[in-house]
Participant: 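One structure follows; several queries about it will come next.
Note that the numbering runs from 1 along the sequence shown for the chain.
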Amino acid sequence: LVEVVELTRQSGEDARAYGRALEENVAELAPAIANHPVLGSLVGLTQMMIEKTSAAERRMRETAVQMDTMRENLDQAREQADTDALTGLSNRRAFERALGAAAERATRDQTPLTLAFCDIDRFKAVNDNHGHDVGDRVLTFVGRILKEHVGRRGTVSRHGGEEFVLLFEGISPDETRDFVDAA
């Protein structure tokens, strides 16, 4: 999409330059060939091409703007599709993609890759006794605490329900345990 937008922009700029060059040459020639029927016809055709080139350039510019908007909307949709709406953490789909990429890097670089799964004990009782609004606040709180403790050393995702998964690249299982225990 980015390449198409750039190609459309470049085509629009080329059309604009072509149209300007035609306009300049026709303007210079018009007085000299006003009484010559063949050249006059050629000038008329050229003026028609100028109008069509200008119209094409306008359409290309409008299309480029529309494509920019589509790209922005696609980026936003991708971000929303990868984010858990409640906690703001990455969701299971984004985690699985990140895990695949991390596993490839760990294999290639021969570095540790550690996962930690966390869930909230007796979470169903929280929802049953205090309601789903309180349960949502608990999930948000736990997600925030995990994210704060992990920081940039790893990633935290909501895996589903009351389950969270932490992914650490280049960090040993012992170090991972320390981060989880601290949280």
Side-chain angles (χ1 to χ4, degrees), residues 1-14 16 59-183:
L1 191 56
V2 170
E3 289 176 18
V4 171
V5 168
E6 184 55 36
L7 181 62
T8 302
R9 275 200 183 99
Q10 185 61 50
S11 296
E13 289 173 14
D14 292 345
R16 188 170 37 253
R59 285 193 305 274
M60 286 181 189
R61 192 171 47 241
E62 291 166 0
T63 300
V65 169
Q66 290 171 345
M67 292 178 86
D68 273 340
T69 301
M70 285 174 43
R71 190 184 75 229
E72 290 170 8
N73 290 342
L74 181 59
D75 289 344
Q76 289 174 352
R78 186 179 296 123
E79 185 176 329
Q80 289 173 352
D82 288 345
T83 303
D84 176 62
L86 178 63
T87 63
L89 298 171
S90 60
N91 61 20
R92 184 177 189 158
R93 174 182 28 248
F95 163 74
E96 289 174 354
R97 212 173 31 255
L99 176 61
E104 287 179 19
R105 286 189 296 276
T107 301
R108 180 190 66 225
D109 301 338
Q110 296 296 301
T111 56
L113 178 65
T114 311
L115 295 175
F117 283 88
C118 305
D119 74 338
I120 302 171
D121 292 339
R122 296 177 292 285
F123 183 72
K124 184 178 180 330
V126 171
N127 277 337
D128 290 347
N129 294 326
H130 304 286
H132 289 278
D133 287 341
V134 171
D136 287 351
R137 288 192 305 229
V138 168
L139 289 170
T140 302
F141 175 77
V142 169
R144 189 176 72 246
I145 293 295
L146 290 172
K147 182 82 172 154
E148 287 173 4
H149 277 79
V150 169
R152 294 183 182 191
R153 295 172 295 239
T155 59
V156 180
S157 302
R158 182 170 175 206
H159 201 252
E162 79 279 4
E163 298 171 342
F164 297 87
V165 64
L166 293 73
L167 174 63
F168 296 93
E169 294 185 63
I171 295 179
S172 72
D174 288 337
E175 290 173 293
T176 298
R177 185 181 53 248
D178 292 342
F179 289 131
V180 175
D181 286 347

Participant: Once salt bridge (charged side-chain N to carboxylate O under 4.0 Å, His left out) is applied, what residue pairs with a partner in residues 104-123 remain, sequence neighbours excluded?
Facilitator: R105-E169

Participant: From T69 OG1 over to L74 CG, what is the distance, rounded to the nearest 0.5 angstrom?
Facilitator: 12.5 Å

Participant: For D82, give me all partners under salt bridge (Lys or Arg N to Asp or Glu O under 4.0 Å), at least two apart in sequence or on another chain.
Facilitator: R93, R97

Participant: Give the minimum heavy-atom separation between L139 and T87, together with the two atoms involved.
Facilitator: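 For L139 versus T87, the nearest heavy atoms are O-CG2, 3.8 Å.
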
Participant: What residues form a side-chain hydrogen bond (donor to acceptor under 3.5 Å, both in side chains) with T114, not counting sequence neighbours?
Facilitator: none

Participant: Once side-chain contact (heavy atoms from CB on, under 4.5 Å) is applied, do any residues pair with E175, and if so which ones, sequence neighbours excluded?
Facilitator: I171, S172

Participant: Any chance you could measure D181, atom CG, to T176, atom OG1, to the nearest 0.5 Å?
Facilitator: 10.5 Å

Participant: Applying side-chain contact (heavy atoms from CB on, under 4.5 Å), name anything that partners S90, two or more places apart in sequence or on another chain.
Facilitator: A94, S157

Participant: Tell me, please, which residues at least two apart from A106 pass side-chain contact (heavy atoms from CB on, under 4.5 Å).
Facilitator: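 With sequence neighbours excluded, A106 shows a side-chain contact (heavy atoms from CB on, under 4.5 Å) to T111, L113, given in chain and number order.
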
Participant: Not counting sequence neighbours, which residues clear side-chain contact (heavy atoms from CB on, under 4.5 Å) with D178? List them please.
Facilitator: none

Participant: Residues in salt bridge (Lys or Arg N to Asp or Glu O under 4.0 Å) with E96, at least two apart?
Facilitator: R92

Participant: So do the side chains of L167 and L99 get within less than 4.5 Å of each other, counting heavy atoms only?
Facilitator: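 A side-chain contact under 4.5 Å exists here.
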
Participant: Say you draw a straight line from CD of Q66 to CZ of R59; how long is it, rounded to the nearest 0.5 Å?
Facilitator: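 Output value for this atom pair is 12.0 Å.
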
Participant: Please list all pairs passing the ring pair (Phe, Tyr, Trp, His ring centres under 6.0 Å) test where one or both residues lie in residues 68-114, with sequence neighbours left out.
Facilitator: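 The answer is F95-H159.
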
Participant: Sort and list the pairs that fulfil side-chain hydrogen bond (donor to acceptor under 3.5 Å, both in side chains) and have at least one residue in residues 126-154, not counting sequence neighbours.
Facilitator: K124-D128

Participant: If you round to the nearest 0.5 Å, how far is CG of L115 from CG of L166?
Facilitator: 9.0 Å

Participant: Taking salt bridge (charged side-chain N to carboxylate O under 4.0 Å, His left out) as the cut-off, I'd like each qualifying pair that reaches into residues 155-167, sequence neighbours left out, listed once.
Facilitator: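 Found D84-R158.
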
Participant: Which atom names give the shortest non-hydrogen contact between V150 and T155, and what distance separates them?
Facilitator: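 For V150 and T155, the tightest heavy-atom pair comes out as CG1-N, 3.9 Å.
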
Participant: Kindly write out the residues that satisfy ring pair (Phe, Tyr, Trp, His ring centres under 6.0 Å) with F164, not counting sequence neighbours, or none if the list is empty.
Facilitator: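 Checked F164 against ring pair (Phe, Tyr, Trp, His ring centres under 6.0 Å); zero matches.
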
